[in-house]
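Here is the structure we will look at.
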Amino acid sequence: MKKTKTVLKFWSGAYPDKLEKWLEHMESIGWRLVKVGWIGVKFTFEKGEPSSVSYSLDYRYPSDAEYLGLLEDAGWQLIFNSSGWLIWRIPYEGAKPEMYTDTDSLIQRNERLLKVYGVLMLTQITLAVANMKNLTIFPLPLMLLYIALLSIIIIAFIQTFHANRKLKSKAKKL
Amino acid sequence: MKEKLTGNTAPISETAYYILLSLMDIRHGYGIIQYVEELTEGRIRLGAGTVYGTLSRMEKDGLIRAIAEEERRKLYRITKAGIDLLRLEIARIKEMYEHAKRVEGAL
């Protein structure tokens, strides 16, 4: 029986490189990612040899067959795919393979995300306003949960918006 | 993107340039990555995600066309509009090269 460990890790889609670097570090000290569960926050690792693995956190909804096929052709292994979020890994020797070799693609990824967050925020806020007069029928814990979820969406929107502005100004330089 | 790719003066990105070059022959996404890596002797290794995104945009802009689908792969070829753009780009690169030669000796 191989030694395994499970880590809870919360991440933001606005900063994919943070999660990617963490997973790459784990591989470099011999912890190979084998499973991601619980809407993407429960990471299960298996102990093995230290190795060089490149990770990529992508967002694509829906992810079509051509996208999945092209990435697999190029050697990427899909380890997590849920509600538009995909975690890919690729072991390598020599130069590190990257999923995206241009800034434009990353900007477009963020724009797809902002659209989704925007729609979620608008529908949620509309619903909240429409239900304002019935507020008293909702139990408090449910209300708190609702507020927490809405806050997460708003924070994600703001973070992604900022990250994208940075990328855009980077793309303009030279 | 349309503006960027089909405008008369704006240079296209190196990624777009090499994808268009590759599609003078029929190729699928991964075939493009391999061809460009070979052609540039390993200097350019296009990211698979970048290639996927660029192909969809180019198809939308009418620069390339999917001519067949096998399993999960789409096969593409450059269109007339794509060739026109490539011609402009090659003329621009030639001009840049001539200018470079003029000053090269003084470097």
Side-chain angles (χ1 to χ4, degrees), chain A residues 13 16-17 20 52 54-78 81 84-113 115 164 167-168 170-174, chain B residues 1-7 10-20 22-23 26-61 63-76:
Chain A
D17 47 323
E20 291 161 3
S52 301
S54 177
Y55 273 88
S56 178
L57 170 66
D58 203 3
Y59 180 80
R60 221 167 261 284
Y61 187 84
S63 50
D64 71 1
E66 191 195 4
Y67 164 78
L68 298 170
L70 173 48
L71 264 63
E72 277 165 19
D73 274 351
W76 290 89
Q77 305 158 356
L78 185 59
N81 183 2
W85 290 103
L86 302 106
I87 298 176
W88 295 90
R89 72 193 289 280
I90 182 169
Y92 67 95
E93 280 166 36
K96 184 183 167 192
E98 299 285 351
M99 174 84 73
Y100 291 106
T101 46
D102 66 328
T103 317
D104 259 9
S105 300
L106 296 173
I107 292 171
Q108 273 147 22
R109 188 205 78 126
N110 283 337
E111 275 165 2
R112 288 196 298 276
L113 262 177
K115 236 181 253 169
N164 213 32
L167 275 178
K168 279 182 181 168
K170 192 179 131 195
K172 266 191 211 133
K173 272 180 212 154
L174 264 181
Chain B
M1 197 64 194
K2 183 153 194 138
E3 223 179 2
K4 234 185 201 166
L5 285 178
T6 53
I12 61 175
S13 69
E14 196 174 58
T15 302
Y17 175 69
Y18 275 104
I19 290 179
L20 284 181
S22 311
L23 291 179
I26 298 167
R27 289 194 163 86
H28 55 67
Y30 186 53
I32 294 172
I33 297 175
Q34 287 175 308
Y35 176 74
V36 172
E37 185 170 356
E38 210 179 276
L39 188 69
T40 62
E41 293 171 2
R43 182 175 73 84
I44 301 177
R45 298 167 72 212
L46 297 172
T50 289
V51 170
Y52 172 79
T54 311
L55 287 174
S56 348
R57 268 175 284 139
M58 284 181 161
E59 194 182 9
K60 229 181 269 162
D61 290 354
L63 299 172
I64 61 169
R65 201 158 49 91
I67 56 163
E69 218 165 330
E70 50 172 49
E71 274 179 69
R72 304 204 290 173
R73 294 184 182 127
K74 262 193 193 173
L75 290 165
Y76 295 94

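In what follows, chains are A, B, ... by sequence order, proteins preceding strands, each numbered from 1. These figures come from a predicted structure and were not determined experimentally.
- Note that CD of A:Gln108 and OG1 of B:Thr54 are 8.0 Å apart. Values are rounded to the nearest 0.5 Å.
- Heavy atoms only, all atoms of each residue included: A:Ser105 and B:Arg57 are closest at OG-NH2, 4.0 Å.
- Heavy atoms of A:Arg109 lying under 4.5 Å from chain B are absent altogether.
- Using a 4.5 Å cut-off between heavy atoms, A:Glu66 touches chain B through backbone and side chain atoms alike.
- Between the CG atom in B:Leu55 and the CG atom in A:Leu70 there is a gap of 7.5 Å [rounded to 0.5 Å].
- The two residues A:Ala95 and B:Arg45 make their nearest non-hydrogen contact at CB-NH1, 3.1 Å.
- Between atom CG of residue A:Asp64 and atom NZ of residue B:Lys74 there is a gap of 7.0 Å, rounded to the nearest 0.5 Å.
- Using a 4.5 Å cut-off between heavy atoms, A:Leu68 contacts chain B through both its backbone and its side chain.
- Neither the backbone nor the side chain of A:Trp88 has a heavy atom closer than 4.5 Å to any heavy atom of chain B.
- Residue A:Tyr61 qualifies as open at atom OH: its count of foreign heavy atoms under 6.0 Å is 12 or below.
- When all heavy atoms of A:Tyr100 and B:Gly49 are compared, the closest pair comes out as CE2-C, 3.3 Å.
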